[in-house]
Amino acid sequence: MNLLVVGASGFLGAEVCRQAVAAGHRVVGTYHSAAVAVPGVAPCRLDVTDRVAVRALLTEVRPDAVVATPYRYDDWAVTADGAAHIASAAAEVGARLVHLSSDALHAGRPTPYLDDDVPTPLHPYGAAKAAAETAVRAVDPGAVLVRTSLIVGEGSKQIQLCRDALAGRAVLFTDEARCPVHVTDLAAAVLELVPTDLAGPLNVAGPDAVSRAELGLLVARHDGLDPAGLKTATIAEAGVHRPAEVRLDSSRAAGLLRARLRGVTEVLA
């Protein structure tokens, strides 16, 4: 298979590349500033906000499939417009599209979110991810939209945030629940979805719902660190506007995929 990974220098994109190369696929990986450092991947610089450049690259590469992971937390053009440009170009060359979305597009509620629950974003990043999904589905109804949660593993920003909070340099919220997933599990699931005809939203996250503060305690136990220094607060105390309880029900994915989505308690045992 000829695979294009958009965002190959990112945490998830790099792992998708590693697994795809190991499986014998031909892989082209794009980057914007940080170079792609995965052996066996043909690197290509790409600005996803440049529609003409995106179209030119896909016309040149002619991939069988595209795994699209573009995002920048505070940049609508990258997260939303970039996703639309990739979807449009992928549709033009007839490539299968696996688009990475996020639980950030939900507002939060006590009950878990199902695969097809409608986005209700609270903040600009969530709105950008919701807009990206809308664009992708309009351009390519056959694309699969992988809604995931906090991505953990060595080198993860989420794990580093926990370590910073344990050192008193950051704050973890006690009332912000998520369903972390290990990067290797998520990458395996993404690649497994490529040859399928599954379309639309699919929750792909871990089965354990934990608060960010609880995640910090799991990291402390895993790393052998003293949890006493963990700095915590509630969302209200911090005065921020962000979703609280966002639990993804990934039971459908767990039943469809061979890739096992481990809970964060097992991952950080």
Side-chain angles (χ1 to χ4, degrees), residues 1-32 36 38-48 50-51 53-71 78-102 115 129 132-148 151 181 183-204 252-253 256-259 261:
M1 178 177 65
N2 188 16
L3 178 68
L4 174 65
V5 178
V6 179
S9 59
F11 187 53
L12 174 60
E15 181 59 29
V16 170
C17 286
R18 279 189 285 269
Q19 293 190 23
V21 169
H25 301 304
R26 297 184 303 278
V27 184
V28 175
T30 77
Y31 66 96
H32 184 254
V36 178
V38 181
V41 174
C44 181
R45 190 178 187 283
L46 179 67
D47 179 356
V48 296
D50 185 337
R51 181 179 58 82
V54 172
R55 185 181 184 189
L57 177 63
L58 270 80
T59 300
E60 177 185 351
V61 174
R62 291 280 167 179
D64 300 307
V66 178
V67 173
T69 71
Y71 88 96
V78 170
T79 305
D81 297 343
H85 297 159
I86 295 162
S88 179
E92 284 187 16
V93 300
R96 164 68 162 160
L97 177 60
V98 179
H99 169 79
L100 267 295
S101 190
S102 169
D115 301 271
K129 294 301 285 187
E133 280 198 3
T134 298
V136 170
R137 296 184 81 173
V139 171
D140 184 0
V144 61
L145 314 174
V146 175
R147 291 178 176 173
T148 193
I151 306 176
V181 61
V183 65
T184 59
D185 299 349
L186 180 57
V190 165
L191 288 172
E192 191 176 335
L193 287 168
V194 168
T196 72
D197 58 2
L198 193 69
L202 180 70
N203 291 339
V204 184
R252 181 170 169 237
L256 288 171
L257 302 173
R258 296 185 305 276
L261 303 171

Where N203 and A253 come nearest, the two heavy atoms and their spacing: O-CB, 3.2 Å

Identify the two heavy atoms, one from H85 and one from V48, that lie closest to each other, and give their separation to 0.1 Å. ND1-O, 2.8 Å

Heavy-atom donor-acceptor pair, D64 side chain to N2 backbone, under 3.5 Å: yes

Show the numbers, then the answer: is there a side chain to side chain contact (heavy atoms under 4.5 Å, CB included) between M1 and R26? CA-CA 6 Å; M1 178 177 65; R26 297 184 303 278; over 6 Å; no

Grab the two heavy atoms, one from A132 and one from A80, that are nearest each other, plus how far apart they are. CB-CA, 4.1 Å

Would you say T148's side chain and S102's backbone share a donor-acceptor pair under 3.5 angstrom? no

Stepwise side chain to side chain contact (heavy atoms under 4.5 Å, CB included) test for I86 and V136: CA-CA 8 Å; I86 295 162; V136 170; over 6 Å; no

Note: V41 and C17 closest approach over all heavy atoms is CG2-CB, 3.7 Å

Here's a test for you: under side chain to side chain contact (heavy atoms under 4.5 Å, CB included), which of V181, V67, V5, I151 qualifies with L12? I151

Is there a donor-acceptor contact under 3.5 Å from the side chain of R45 to the main chain of H32? yes

Are V98 and V146 close enough that some pair of their side-chain heavy atoms sits under 4.5 Å apart? yes

So which atom in L191 and which in A20 form the shortest heavy-atom distance, rounded to 0.1 Å? CD1-N, 3.7 Å

Going by the side chain to side chain contact (heavy atoms under 4.5 Å, CB included) test, name the single residue among T134, L145, T79 that passes it with K129. T79

Main-chain N/O of L202 paired with R252 side-chain donor or acceptor, under 3.5 Å: no

Validation row: D185, V204 side chains within 4.5 angstrom (heavy atoms): no

Consider side chain to side chain contact (heavy atoms under 4.5 Å, CB included). Of T196, D140, L3, which one does R96 pass it with? T196

Tell me whether E60 at atom CD has more than 12 heavy atoms from other residues, nucleotides or ligands lying less than 6.0 Å away. no

Can a donor-acceptor pair be found, under 3.5 Å and without considering hydrogens, that links the side chain of E192 to the backbone of A259? yes

Where the side chain of D47 meets the backbone of A53, is there a donor-acceptor pair that is under 3.5 Å apart? no

I'd like to know if the side chain of T69 and the backbone of V6 have a donor-acceptor N/O pair within less than 3.5 Å. yes

Over all heavy atoms of both residues, which pair between P201 and D115 is shortest? Give the atoms and the distance, please. CB-O, 3.1 Å

Under the side chain to side chain contact (heavy atoms under 4.5 Å, CB included) criterion, do Q19 and T184 qualify, and how do the steps go? CA-CA 8 Å; Q19 293 190 23; T184 59; 4.0 Å; yes

Minimum side-chain heavy-atom gap V93-R62 below 4.5 Å: yes

